Amino acid sequence: MTALKLDGLAAAAAIKSELRARVDVLRERGIVPGLGTLLVGDDPASRSYVAGKHRDCAEVGIESIRVDLPATASREDVLAAVRDLNAAPEVTGYIVQLPLPAGIDENEILEAIDPDKDADGLHPTNLGRLVLGVAGELTSPLPCTPAGIVELLRRNDVPLAGQHVTVIGRGLTVGRPLGLLLTRKGIDATVTLTHSRTPDIAAEVRRADIVVAAVGVPHLVKPEWIKPGAAVVDVGVTRVGTTESGKAKLSGDVDPAVADVAGWLSPNPGGVGPMTRALLVSNVVQSAERA
Ligand SMILES: Nc1nc(=O)c2c([nH]1)NC[C@@H]1CN(c3ccc(C(=O)N[C@@H](CCC(=O)O)C(=O)O)cc3)C=[N+]21
């Protein structure tokens, strides 16, 4: 078998063109959405992700406002930048790029974000709304990577209701909120959330109709682990060296040989990354529509 490709670039392009039409409507009413990014330090991967987010904004016709602080910034400096973004009228939504430099408490910073401007859906109020909103329409922003994964599966007609999903990784940005999202009424998947202390991850993956790997362990997920025909979503990225031309060599969490067994597989890059960015823009447009 050769897995069908869960093409994140194509799905993200479709979402962005839908968003562009909604932004045009807002602009006619004099509303211009603006995405702010706060980046602390000069990690090259973080820089490149933030640059991608600003490109997406330009494509969709929304403004973007970039705030960069040096790696030496203190907790007070970061909190002051967050307060400025909360107050800036041209910033209708923003993100604080994670991870923050060692020694800065990420949870404290996330809590300082105005929940109405939280484009990542990671403020405790919005995570709490995700927990509370088991049924019915959610109007709060959803965490971008989990929402992007669900959208990628939906747009490729991968069934979710009644399906067994095994998620590898319990992190704040992917695994933990993804479990909450997939078990909501209307999506109706059954979720096994595994992590570094799970005794036999392979066994949990073997019974899954859908596997989501978000741990950052290169090629962790092996073809022998996969139920034939299952959908496999590769989220993690790890820098595994540099090419001769000095570019970063990246590896996903999924062994490429999984393509011989799986029914669907998301490429990495070109899978979840572009979807994360598209859903971020979607959160910004949605919050401008609400305001
Ligand atoms: N507050 C916060 N929100 C985030 O959403 C957030 C974060 N912090 N910290 C880091 C992770 C990682 N992340 C990625 C987004 C896009 C790509 C992406 O677009 N990747 C491209 C390739 C990379 C490129 O073109 O530079 C792809 O997969 O095809 C990757 C990773 C968002 N994150």
Side-chain angles (χ1 to χ4, degrees), residues 5-13 15-16 35-57 59 64 66-69 78 81-82 85 91 93-101 104-115 117-124 126-127 141-149 151-152 169 171-178 181 212-216 218 233-240 243 247-254 265-284:
K5 175 174 159 186
L6 295 171
D7 187 344
L9 282 170
I15 291 169
K16 283 187 278 183
L35 171 71
T37 61
L38 174 56
L39 173 65
V40 186
D42 40 28
D43 175 60
S46 293
R47 283 199 167 274
S48 135
Y49 300 152
V50 167
K53 289 164 186 176
H54 289 271
R55 271 199 309 277
D56 290 332
C57 288
E59 253 178 70
S64 56
R66 191 171 169 149
V67 180
D68 289 3
L69 293 179
V78 177
V82 165
L85 286 160
V91 177
Y94 71 95
I95 65 146
V96 177
Q97 183 73 17
L98 303 175
L100 289 167
I104 297 183
D105 179 353
E106 286 183 353
N107 290 350
E108 183 189 18
I109 305 300
L110 288 173
E111 288 209 31
I113 295 172
D114 176 349
K117 288 193 174 189
D118 169 29
D120 259 336
L122 297 179
H123 185 280
N126 291 322
L127 285 173
L142 291 172
C144 306
T145 304
I149 291 168
E151 204 53 36
L152 184 62
L172 166 70
T173 52
V174 193
R176 198 170 290 275
L178 181 60
L181 185 57
V212 180
V215 268
V233 180
D234 188 0
V235 185
V237 245
T238 312
R239 203 168 257 256
V240 290
T243 62
K247 268 191 71 183
K249 240 189 242 166
L250 304 175
S251 169
D253 290 348
V254 176
L265 175 62
S266 74
N268 191 355
V272 174
M275 292 301 287
T276 297
R277 282 162 34 195
L279 272 287
L280 172 67
V281 180
S282 166
N283 277 345
V284 177

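Note that the coordinates shown come from a computational prediction; the quantities given were computed from them, not determined experimentally. Whatever order the structure lists them in is the order used to number ligands and atoms, beginning at 1. FYI, side chains are in, hydrogens and waters are out, and symmetry mates aren't considered; it's all heavy atoms of this structure.
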_Those residues that, when tested against Asp7, pass side chain to side chain contact (heavy atoms under 4.5 Å, CB included) (two or more places apart)_ = Lys5, Leu9, Ala10

Just list the side-chain donor-acceptor pairs under 3.5 Å for residues 40-47, sequence neighbours left out, or say none.
residue	atom	partner	partner atom	Å
Asp43	OD2	Ser46	N	3.0
Asp43	OD2	Ser46	OG	3.0

*Single hit among Lys53, Gln97, His54, Arg66 for side chain to side chain donor-acceptor pair (under 3.5 Å) with Thr37*: His54

*Taking all non-hydrogen atoms of both residues, which atom of Ala213 and which atom of Asp253 are closest, and how far apart?*
O-OD2, 3.2 Å

*Under the salt bridge (charged side-chain N to carboxylate O under 4.0 Å, His left out) test, which residues partner Lys16, sequence neighbours left out?*
Asp56, Glu59

*In order of chain and number, which residues sit within 4.0 Å of ligand 1 by heavy atom?*
Ser48, Tyr49, Lys53, Val96, Gln97, Leu98, Asp120, Pro269, Gly270, Gly273, Pro274, Thr276, Arg277

*Locate the shortest heavy-atom distance separating Gly36 from Val91; write the atom from each residue and the value.*
N-CG1, 4.0 Å

